[in-house]
Every structure is written in C-alpha cells, then in structure tokens.
Amino acid sequence: MAQGENFGRGTSGSGRMVLVEFVSANPTGPLSVGHGRQAVLGDAIAKLLSAVGYTVSREYYYNDAGRQMLVLGESVRARYLELLDEPSEFPEDGYQGEYIRDIARALVEQQGESLKGAADHLPFTQKAEEVIFADIKSTLDRLGIRFDNYYNEHTLYEQGLVDDVVTNLRQQGLVYDHEGAVWFKTTEFGLEQDRVIIKSSGEPTYRLPDIAYHREKMRRGYDWMVNVLGSDHIATVPDVMAGIKALGYEPEKVTTVIHQFVTLIREGQQVKMSTRKATFVTVDELLDMVGVDVTRFFFLMRKADSQLEFDLDLATKESQENPVYYVQYAHARLCSIERQAREKGLDPDALSGVDYTRLELEEELALLQAMAGLPSFLDGAAEALEPHRIVFYLQDLAAKFHGYYNRHRIVGEDQELSRARLALAGALRVVFANGLTLIGVSTPETM
RNA sequence: GCGCCCGUAGCUCAGCUGGAUAGAGCACCGGCCUUCGAAGCCGGGUGUCGCAGGUUCGAAUCCUGCCGGGCGCACCA
C-alpha cells in the first residue's frame, strides 16, 4: 500500500523502448466504431506496456495523398457544385456521408463560388483533410487518447526513402520489372506470390512506403514495435516483414496485434458499416450515447481475436447494468468506507502499528493474494499484449470485495481489527484505482 | 480453392505456453436494506467445451481432418 499509485507496476520492460502504432486511419471520414475499438485497444496496450516499465511512444501513421484522398476531394467538389446548382458528377465510389456536405457547405460559406472552376481536386481535398483531421483528433481527445507523433507518409518521399528502398532491393536482385510494373520478389521469403510495389502508372502501392516506414522505425532504434491492425489489413503484414528482412533488419522486433471486427446491433438488426456509405456509426455518436467509461470498458471486454458484438440498444438502455459500474462501484464504496472511518476518528492512512495478523479470514487472504499477484499478472498481460485481462481481473477482484463487504464489517467495535481491515481496504482502493486508470476508465469517489 | 481468426450455459464472452468437480456477465426464479453505499450480496445450471480421430498418466487447451461463421487472397489501403 505504501507504493500507492505505483503498486502493480512491473519492471519486465526495464526501460526498453517500444513503439505502438495504432489507429493510423487516413483522413477520409470520422472514426467509426471499428476504429474506436482499435484506438482503445492500442491505447490500453500502450498504457500496459508503460506500466510494466517500457518507455512507450504512440504513433499514428497516415497518408494524405493517393487515390483515397482524390476520391474524397472529388466527392466534396461534387457536393460543392450541387450547392451552387451547378452540374456535377458524384464519383461512383465517392464518400456519401453527410459530413461531405458539411465540408462543401463550409467551402461555400468561406470561398463563395470561387472554386467553381477549380482546375483540380486539391482545394477540396485540403479542406476536407483539415476538417476531418480536426474531427478525428477531437474524437481521440474525448477518448483520452494522445499520440506522441503523427507520421505522414509524405516524409518518406521527401527524404527519398521510398526510392532508396527500391534501389536497395534492386541491387540485391529482389526486384524486377514486369508488364510495366515493378515487382518485389516476396516468394524469396516463402510467400505465395510476388507483389507489385510500383504500379505501371508509376505510383507506388501501399506496400512500398509501408516497408520504408518500417525501416525508419527500425532505424529509430526501438527495441520493440507493436502494430495494431484491423483484420482486414492482415494480408499486408507478411509483405512488409519480407521487406524488412530484405533490408537487413529483424522482423522479430515487430509484433502485430490483429483485432477482429465490431458488429453493431441496433434495434435487433446488424448494422453493416462502410466508410463510403452513410450507414456507419461514429465513435463520437457512441460516446454521446454511452460515455467514455462504458465505451472503453466495453471495447476491452473481449480479447482482440474475438469479434465484438456491440448492442447499442443494450448499451444505451441498460447502461445501469453495465459491468463498468460494478468495478467503479467497488472503488466508490471503498472511498466511502474511508470517509466513514475518518468521521469516527480512524485515520485510514496511518499504517504504523497495524496488526496485519488480524486479517485471518479466508476472504481476506484471498483478497491479499489477488492483490499480491497483480505485478506478475500485469507482466503476463503486457507480454501477451492482452489488456482485456485487466478487465477480467478487476471484475473478479470487485466480486471478491463486494462479497467480503456484505459479510463483514470493516469499521466496527474492535479498534485493532478495524485498523487492519482499513489497511486492507486502502490497498484495495489503490488497486482498483490503478487498474481502472490502466484501462483509461475513471475512478469515481462517489457515484 | 488458399491463408488467418472464431465456434465453451438461452444470449454475449473468459479460460487455450496441458493438470483435479469447466467459469463470469446478462436473462430467469427465490431470499437480504434499524449498523461502513442494495449501482451490492446470498441461493437456484442435466454445458455432447462445433464434429471425428490422434498425442498424453491427463486435452476446452497440443496435432490432423471435417462442418459452420468472419476477414483477407489488387497494379485499393
């Protein structure tokens, strides 16, 4: 207990440098529920690694050029022209969300009709990126997530690092030209087929800058790199790892955490999510409905490998029943006990002379044992990159405590016993506070 | 067709680097507020751990095959 907020913090990381890359959504639209899961998962992993002694950096990698952004810009342009009653052609695979209209409206207000004859999509794309990135960052902010670095793919091109990768690979004979495109011999690394890294149009595919980016991570000297990705990006991993290996670095230093999709249930129906369609639910909407604590807790209640079913009706309507309150209530209850003790003249923080041998009940020993196991428990969770274990640990500890509380008085007639139990309660309060903080959930003193 | 993930109680899921009678929440039924917070506690489960083989003293856990669901298999990211 004397360790206070430091209790439970392991040392297995021993100061090693680890980079956690997550979210990495390109600014084409607001964060959807799927991104939300990744954001919360990545952030919890970062917090967990930090808690066991790693020096952690969080990074958001994005690309604000390329085809996606072109389509985005053209989508805005079409809406802009619509607002001006000009003839327009909405891209076939354009972004249909209402936010595109909002951006177009803003452009009309700020620029009037001056962009009517714009030569290209750039002014539209730029405005869209500005607005959308601000939105994404505000959503992340609401979730309590901060990044240490936003890495723009542009940087790689500006510094010639992309070309350099091609040159390097070509010198090693790992690259060849075929049908106007440049191919990387991924089959040399045991993969099924070779992959195009530069299209016949001269543009690189995502693989090339991705490889260059990972080489930069390697060069920056991290001991460990964790990438959090959605299951739809799973196919990119082997190619990038092959690239890293080809360039002389150790792919073993990279661990990829793949999380499965979030299935949304609304009014008993499954909601299919698509960034381009207007049907997806945003993280902002989720936060409006259930709040940060419930959102974070819910996203961490399942291991990354499992698909996560998020029943919006249940989450909104029955939020009182949500397990997050069960754990928070344990914390609030412990705070309340300490308040009561102070009113009766007992100082919960005065630990000297406490006779711990008075804690002899089976339940008390079980609580002590559970708390004592926290450091090694966290080491295990960190090593496995599985923050959901913390959620289960807290629920379990809360159940133990609530049961104990209902059967036995903490502050009672016997002063010695009361002091010993208060010390136990204080330790529990600290463990709940630290655990909840670790998953980014608040620690209310009253509810 | 190939690769990865999942398949455990009515529902949503833990447990899976092998170990004793397989757990939680929700839902359902019945109890508990004159003493530290009832957002709580106590009691109530006949589960083919998807199926079939295999390894082992021992398998929900490891291996193989099959079935069912998800995600991939681009000169999109």
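Being a predicted model, the structure only gives us computed values, none of them experimental. Each chain gets a letter, A, B and so on, in the order the sequences are listed, and its residues count up from 1.
Residue K303(A) places no side-chain N or O under 4.0 Å from the OP1 or OP2 atom of rC5(B). Between rA38(B) and Y405(A), a contact under 4.0 Å exists linking OP1 or OP2 to a side-chain N or O. Distances shown here put a side-chain N or O of R333(A) below 4.0 Å from the OP1 or OP2 atom of rA38(B). Checking the phosphate oxygens (OP1, OP2) of rA14(B), a side-chain nitrogen or oxygen of S306(A) falls inside 4.0 Å. Look at R207(A) and you won't find any side-chain N or O under 4.0 angstrom from OP1 or OP2 of rA77(B). OP1 or OP2 of rC41(B) has at least one side-chain nitrogen or oxygen of Y326(A) nearer than 4.0 Å. Taking only side-chain nitrogens and oxygens, H388(A) comes nearer than 4.0 Å to OP1 or OP2 of rG15(B). Taking only side-chain nitrogens and oxygens, Q307(A) never comes nearer than 4.0 Å to OP1 or OP2 of rC5(B).
Taking the nucleotide of RNA chain B with the nearest heavy atom to each of A304(A) and Y206(A), the more 5' of the two is matched to A304(A). Comparing A341(A) and N63(A) against RNA chain B, the residue whose closest nucleotide sits nearer the 5' end is A341(A).
As a whole-Å value, the separation of I337(A) CD1 from rG40(B) C1' is 12 Å. One atom, CD1 of I211(A), and another, P of rA77(B), lie 13 Å apart when rounded to the nearest Å. Between D305(A) atom CG and rG72(B) atom C1' the separation is 15 Å, expressed in whole Å. Summarising the geometry, the separation between CZ on F298(A) and C1' on rC13(B) is reported as 10 Å, rounded to the nearest angstrom. Between the CD atom of Q38(A) and the C1' atom of rC71(B) there is a distance of 14 Å, rounded to whole Å. In this structure, N26(A) atom CG and rC76(B) atom C1' are separated by 11 Å, rounded to whole Å. The separation between D93(A) atom CG and rA74(B) atom C1' is 14 Å, rounded to whole Å. Across the protein-nucleic acid pair, I197(A) atom CD1 and rA77(B) atom P stand 13 Å apart, rounded to whole Å.
Electrostatic pairing of R170(A) and D177(A) counts as a salt bridge here, judged by a charged N lying under 4.0 Å from a carboxylate O. Ion pair E130(A)/K127(A) flagged as a salt bridge, since at least one NZ, NE, NH1 or NH2 atom sits closer than 4.0 Å to an Asp/Glu carboxylate oxygen. A salt bridge links R421(A) to E364(A): one of the charged nitrogens lies within less than 4.0 Å of a carboxylate oxygen. Salt bridge status for E59(A) with K217(A): absent, with no side-chain N to carboxylate O gap under 4.0 Å.
Contact annotation for T205(A): backbone-only contact, meaning every heavy-atom pair under 4.0 Å involves sugar-phosphate atoms and none involves a base. Among the atoms of the strands shown, base atoms are found under 4.0 Å from some heavy atom of E179(A). Among the protein residues, A235(A) comes within range of the sugar-phosphate backbone only, with heavy atoms under 4.0 Å from sugar or phosphate atoms but none that close to a base. The residue R389(A) sits apart from the nucleic acid: no heavy atom pair falls under 4.0 Å. E445(A) comes within contact range of at least one nucleobase, with a heavy-atom separation under 4.0 Å. A332(A) comes within 4.0 angstrom of a base, heavy atoms only. Across all strands, H408(A) comes closer than 4.0 Å to base atoms (heavy-atom distances).
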Between F297(A) and Q395(A), does the side chain to side chain contact (heavy atoms under 4.5 Å, CB included) criterion hold? Intermediate values first, please.
CA-CA 11 Å; F297(A) 199 90; Q395(A) 289 187 110; 4.2 Å; yes
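In this structure, F392(A) and H388(A) have perpendicular ring planes: the angle between them is above 60°, well past the 30° mark. Using the six-membered ring where Trp is involved, Y404(A) and H408(A) have ring planes that are tilted, between 30° and 60° apart.
When distances are taken from the side chain of D232(A) to each of rC73(B), rC41(B), rG72(B), the shortest belongs to rG72(B). Between rC71(B), rC75(B), rC36(B), one nucleotide has an atom nearer to the side chain of F261(A) than all others, and that is rC71(B). With distances taken from any side-chain atom of E309(A) to the nucleotides rC75(B), rC13(B), rA77(B), the minimum falls on rC13(B). With rC41(B), rU12(B), rC76(B) as the choices, the nucleotide that has an atom nearest any side-chain atom of H402(A) turns out to be rC41(B). Listed nucleotides rC75(B), rC36(B), rC41(B) differ in distance to V196(A); the shortest reach to its side chain belongs to rC75(B). Of all nucleotides listed (rA77(B), rG37(B), rA39(B)), rG37(B) comes nearest to the side chain of Q340(A). For N406(A), the listed nucleotide lying nearest its side chain is rG40(B); candidates were rG40(B), rC75(B), rA39(B).
When side chains are defined from C-beta on, L41(A) counts as touching P387(A), because their heavy atoms get closer than 4.5 Å.
Across rG50(B) and rA22(B), the matching P atoms stand 15 Å from one another, rounded to whole Å. Taking atom P in both rA9(B) and rC49(B), one finds a spacing of 10 Å when rounded to whole Å. Distance check on atom P: rG15(B) versus rC62(B) gives 12 Å, rounded to whole Å. Comparing the P positions of rC28(B) and rU64(B) gives an interatomic distance of 43 Å, to the nearest angstrom. When the P atom is compared between rG3(B) and rU46(B), the two are found 41 Å apart, to the nearest whole Å. Taking atom P on both nucleotides, rG40(B) is separated from rC26(B) by 7 Å, rounded to a whole Å. The P atoms of rC4(B) and rC42(B) are separated by 44 Å, rounded to the nearest whole Å. Using C1' as the reference atom, rU55(B) and rC63(B) are 7 Å apart when rounded to the nearest Å.
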For RNA chain B, what is the dot-bracket line, given that a base pair needs Watson-Crick (N1 to N3, plus N6-O4 or O6-N4) or G-U wobble (N1-O2 and O6-N3) geometry with both distances under 3.5 Å, and | means paired with another strand?
(((((((..((((.....[...)))).(((((.......))))).....(((((..]....))))))))))))....
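At a cut-off of 3.5 angstrom, the base of rA39(B) holds no donor-acceptor pair with the side chain of Y329(A). Judged by distance alone, with hydrogens and angles left aside, S231(A) brings no side-chain donor or acceptor close enough to the base of rC5(B) to form a pair under 3.5 Å.
N227(A) and T256(A) are not linked by any side-chain donor-acceptor pair at a separation below 3.5 angstrom, with hydrogens and angles left out of the test. Side-chain atoms of E179(A) and S200(A) form no donor-acceptor pair, as typed in the model, at a separation below 3.5 Å. With hydrogens and angles left out, the side-chain atoms of S442(A) and D293(A) include a donor and acceptor closer than 3.5 Å.
Base orientation at rC33(B) is syn, since its O4'-C1' glycosidic dihedral falls within 90° of 0.
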